[in-house]
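The analysis underlying the following values was restricted to heavy atoms, covering all of them including side chains, and did not include hydrogens, waters or symmetry mates.
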There are 2 protein chains.
Amino acid sequence: MDFKEFKKKIAPSGKDIAREVFFQNQNAMRIKKEKTAINNLNKIFNAVLGITQEKGFQAMSMRDLSQKTDMSLGALYAYFPGKEELLGIIQTQGRSMIKGLLEQFANAREEPFEKLKAVIKAHIFLSESLRPWFFFMFMEARNLKPAELKAVKAMEEHTQKILIDILEQGEKKEIFRPNDHLLTSSMLKAMQQEWYLKRWKYKKHNISVDQYVDHVLTWVEAFCLCP
Amino acid sequence: MDFKEFKKKIAPSGKDIAREVFFQNQNAMRIKKEKTAINNLNKIFNAVLGITQEKGFQAMSMRDLSQKTDMSLGALYAYFPGKEELLGIIQTQGRSMIKGLLEQFANAREEPFEKLKAVIKAHIFLSESLRPWFFFMFMEARNLKPAELKAVKAMEEHTQKILIDILEQGEKKEIFRPNDHLLTSSMLKAMQQEWYLKRWKYKKHNISVDQYVDHVLTWVEAFCLCP
DNA sequence: GTCTATACACAGATAGAC
DNA sequence: GTCTATCTGTGTATAGAC
């Protein structure tokens, strides 16, 4: 599967995400009409992700957000209790979304090497189609309160665990070379992360996601597979 | 060379850095006595890096900084014209420091594979001994004004170019496998970066810099070297 | 060179009309 | 559901005494 196909078939749209947030936080917000809520939440998220990418969440004022969404300050506060909670909502939603989609991919295949490649590819494709979310989640994790920061770290270790399990399974079957799986999976995660942290570089050099994924998988093959 | 030796012989101390900043910006600050300036600049930088690591530069108030340095607000403003300039000073100094030390290493060896390993190791060791600086430079680049942001990107591409040159040299000598050097060097940079962006993970699992470097070099060998 | 006190802008948040 | 007007705290920065 290439990225074009992935995006069409699997990647959630802004409205999909807004819908889920609406049903998850329905009681905490003053808006009751589904359609209005979803439309405006989508607008709010896009604005937050856009402004934040440039100057960071702390530097984004509620007035910035009001201007970008064409909504008044008063209206915004009907959708979330405060700025800090808005940050929390985006982070929490991002995590649950990514977790769900990745697990779906990890369970799809059986043979270790195929499985490993599928999971890595899915992660990079997902980070491409939801790049603003991934970037936000990484860069703004610092501003979370301790309890949520813990959830972020748990998430990092959870996705790493998925990789480690595949590596162990492959080593047992003597398909992969024996190695330190914790470190190996860390390298894989670093390569995945590189794509969304430094996209300006790949854009500048006209490197597509598909090319990037292929290259990463060449590394994986050279390092993991038995000769 | 292991990290212990590197730190002892090569890594600059906080005062070394403060001294350089003092001579570089001497005319822009109101303090004239060298010793006072260096001591306080060192204190200021440590405080900024510490506070920023937790909550980001924007979220650090001048009052936070005043408290952590045990200096008054008025005193702080004798060392730099404003908060934004302080950010610029740290970023600029960080860049010039890292650039100088890395070039020193790149020129030390001749044989491509040895050279490649030496440069990668030096970068990771350097990021370990100056971890707060590296972290700050990465995370706070967004808050720079356009001209300085350009310098950051130029720096990224400069350090990448060092790697690309070595890879090309090695390919010509038929030591390295032919490959896309831009992508390959990006993977190397991603692995280097991982160390200082996720150090909490390695600390938690008791993985030392030396172990980390060894693992990275195993990947390099598996991928770059001709079989 | 360092302090205290203060100016003044702008942040997040809410009240109450529509 | 959305708006405008406004409250109150906190931010950066400076003035002027010591």
Would you kindly say whether Asn39(B) and Lys15(B) are connected by a side-chain donor-acceptor distance under 3.5 Å? yes
Can you identify which nucleotide, out of dT2(D), dT2(C), dG1(D), has its nearest atom closest to the Ile31(B) side chain? dT2(C)
Taking the six-membered ring for Trp, are His123(B) and Phe134(B) closer than 6.0 Å centroid to centroid? yes
Answer yes or no: is there an ion pair linking Glu156(A) with Lys201(B), defined by an N-O contact shorter than 4.0 Å? yes
The correct set of residues in residues 13-25 of chain A placing a heavy atom under 4.0 Å from DNA chain C is none
Distance in angstrom units between Leu86(A) CG and dA13(C) C1', rounded: 14 Å
Could you tell me if the ring centre of Tyr196(A) sits under 6.0 Å from that of Phe135(A)? no
Under 3.5 Å side-chain donor-acceptor pair for Gln160(A) and Ser186(A): yes
Using a cut-off of strictly less than 4.0 Å between a heavy atom of the residue and any atom of DNA chain D, enumerate the qualifying residues of residues 37-69 of chain A by number. Asn40(A), Arg63(A)
Give a yes/no answer on whether the side chain of Tyr79(A) brings an N or O atom under 4.0 Å of OP1 or OP2 in dT2(D). yes
Taking the six-membered ring for Trp, are Phe6(A) and Phe105(A) parallel (under 30°), tilted (30 to 60°) or perpendicular (over 60°)? tilted
Can you list, in residue-number order, the parts of residues 71-78 of chain B that come under 4.0 Å of DNA chain D, counting heavy atoms only? Leu73(B), Tyr77(B)
Contact between Phe22(A) and Ile17(A) at the side-chain level, heavy atoms closer than 4.5 Å - yes or no? no
